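Below: the structure, in structure tokens.
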Amino acid sequence: MIELAQRAALLDVEGTTSSVAYVYDVMFPFARRELQPYVAQHWESAALDPVRERFAKEAGAASYTEWVTGREPQQTLIDQAVRLMDADVKATGLKLLQGLIWEAGFCSGELHAHLFEEVAPALHAWRAAGVDLRIYSSGSVHAQRLFFGHTEAGDLRPLLTGHYDTTVGPKREADSYAAIAADWRLAPQAIAFFSDVTEELEAARAAGLATVLVNRPGNAIPTPTTTPHPKITSFDEVVWRPSES
Ligand SMILES: CSCCC(=O)C(=O)COP(=O)(O)O
Ligand SMILES: [Mg+2]
């Protein structure tokens with residue numbers, strides 16, 4: 001058991017609330033399968049504008065027009081998305097695009113977000129104990145809302161007061177956590193960040209957040225034996241004793 005004095009919990013998704021396998025074996029293949037038809041069908045839609053802009057920026061181009069000059073625009077975007085997926089790069093542009101593609105899957109019922117079995121009851125209990133809950137994931141905010149709106153345990157969005165993705169900054173940089181605390185209007189010390197990735201926890205700790213290393217079955221990243229972060233294997237191991245300060 002670990003005791004936490006914070007009044008807010010910031011939660012990673014993959015490897016923390018939910019299995020890596022669900023993301024890699026179900027969600028990513030769905031996005032790969034639907035990539036070409038989605039882009040073809042929505043090419044004229046403004047929903048793709050932020051995706052086009054991000055892809056261009058992340059490729060080092062000054063604008064989308066500059067990025068695709070001399071190439072077929074739709075295929076250029078599709079090819080880049082495939083390259084990023086093949087290399088397992090959690091680029092913000094790709095994450096924006098995947099979130100758009102997953103919408104149809106979650107809305108049709110083909111996708112149901114996995115949660116480790118104690119997560120939904122634990123989050124209900126944490127909220128009842130007065131803990132403010134937000135998500136910080138590489139998955140886009142749109143994807144996060146779909147994910148928590150369509151979990152195996154039902155719609156958990158009412159439990160969450162906010163969502164952050166990598167548009168706030170990379171998960172392995174301390175400034176991202178400082179920006180989240182500022183947006184949340186909380187002192188960094190009032191927030192406990194839960195993740196399976198040590199580099200993310202180090203960044204959060206550098207920004208002043210409390211940290212918890214979550215070790216779940218199937219996590220790809222080996223859990224270090226010595227770590228300054230308290231370790232849990234289940235949210236049931238957390239006891240909240242929020243201080244007034
Ligand atoms: C919550 S949407 C799907 C998850 C996803 O795309 C992803 O990359 C998860 O990364 P995380 O930062 O939650 O480990
Ligand atoms: Mg994770």
Side-chain angles (χ1 to χ4, degrees), residues 9-35 51 54 58 81 84-107 110-116 119-120 123 133-153 155-157 159-160 162-173 176-177 180 192-204 209 211-224 227 229 231-233 235:
L10 182 65
L11 306 171
D12 167 62
V13 177
E14 176 193 307
T16 297
T17 63
S18 309
S19 73
V20 173
Y22 181 73
V23 175
Y24 276 79
D25 298 345
V26 179
M27 294 180 73
F28 287 172
F30 181 98
R32 201 180 271 272
R33 185 189 85 201
E34 297 300 325
L35 171 64
V51 175
R54 273 284 173 173
E58 288 166 2
L84 292 168
M85 289 191 289
D86 287 347
D88 195 20
V89 178
K90 289 180 184 272
T92 304
L94 174 65
K95 292 287 149 190
L96 288 172
L97 178 56
Q98 286 177 324
L100 296 172
I101 297 171
W102 286 326
E103 183 169 341
F106 279 111
C107 294
E110 181 175 341
L111 297 176
H112 273 112
H114 171 265
L115 294 177
F116 289 105
V119 168
L123 296 187
L133 306 174
R134 295 194 180 187
I135 304 295
Y136 182 28
S137 173
S138 308
S140 68
V141 167
H142 182 60
Q144 294 173 32
R145 290 200 177 111
L146 290 164
F147 190 97
F148 286 98
H150 301 84
T151 80
E152 292 167 345
D155 183 355
L156 298 192
R157 285 172 302 176
L159 297 175
L160 304 168
H163 296 264
Y164 301 98
D165 60 22
T166 52
T167 58
V168 82
K171 292 184 77 182
R172 298 180 184 203
E173 288 185 10
S176 307
Y177 298 86
I180 288 171
F193 176 55
F194 293 70
S195 176
D196 59 318
V197 176
T198 307
E199 292 85 348
E200 295 176 4
L201 296 171
E202 296 298 340
L209 281 73
T211 50
V212 179
L213 177 58
V214 184
N215 186 15
R216 296 291 197 178
N219 280 6
I221 299 128
T223 303
T227 167
H229 316 288
K231 268 191 277 186
I232 59 169
T233 57
F235 284 1

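Order of appearance sets the numbers: ligands from 1, and atoms from 1 within every ligand. Quantities reported herein were computed from a predicted structural model and do not represent experimental measurements. Any value given below was found using the heavy atoms of this structure, including those in side chains, with hydrogens, waters and symmetry copies removed.
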Checklist entry - OH of Tyr22 to CG of Leu111: how many Å apart, nearest 0.5 Å? => result 4.5 Å
Checklist entry - Could you give the distance from CZ (Phe147) to CZ (Phe106), rounded to the nearest 0.5 Å? => result 6.0 Å
Would [X] count as a polar contact of ligand 1, with the cut-off being nitrogen or oxygen pairs under 3.5 Å?
{"X": "Ser137", "result": "yes"}
{"X": "Ser138", "result": "yes"}
{"X": "Val13", "result": "yes"}

Checklist entry - So Phe148 and His163, would you call those rings parallel, tilted or perpendicular, with 30° and 60° as cut-offs? => result tilted
Item to check | Contact flag Glu14/the Mg ion (ligand 2), N/O/S atoms, threshold under 2.8 Å | outcome: yes
Checklist entry - On the ring face of Phe235, is Arg216 found with NZ or CZ under 6.0 Å from the centre and within 45° of the axis? => result yes
[atom]: nearest protein contact (heavy atom, Å):
{"atom": "atom 14 (O) of ligand 1", "value": "Asp12 OD1, 2.9 Å"}
{"atom": "atom 8 (O) of ligand 1", "value": "Lys90 NZ, 2.7 Å"}
{"atom": "atom 3 (C) of ligand 1", "value": "Met27 CE, 3.6 Å"}
{"atom": "atom 6 (O) of ligand 1", "value": "Lys95 NZ, 2.9 Å"}
{"atom": "atom 9 (C) of ligand 1", "value": "Glu14 OE1, 3.2 Å"}

Checklist outcome for this item: Checking distances from the Mg ion (ligand 2), one finds that the N, O or S atom of Asp196 closest to it is OD1
Checklist outcome for this item: Atom name of the N, O or S atom of Asp12 nearest to the Mg ion (ligand 2) is OD2
Is it true that a side-chain atom of [X] and a backbone atom of [Y] form a donor plus acceptor pair closer than 3.5 Å?
{"X": "Gln144", "Y": "Gly139", "answer": "yes"}
{"X": "Glu58", "Y": "Gly93", "answer": "yes"}
{"X": "Glu34", "Y": "Trp102", "answer": "no"}

Item to check | Residue portion contacting ligand 1 (non-hydrogen atoms closer than 4.0 Å) for Trp102 | outcome: side chain
Checklist entry - So among Asp165, Val13, Asp12, Ile180, which one has a side-chain contact (heavy atoms from CB on, under 4.5 Å) with Tyr136? => result Ile180
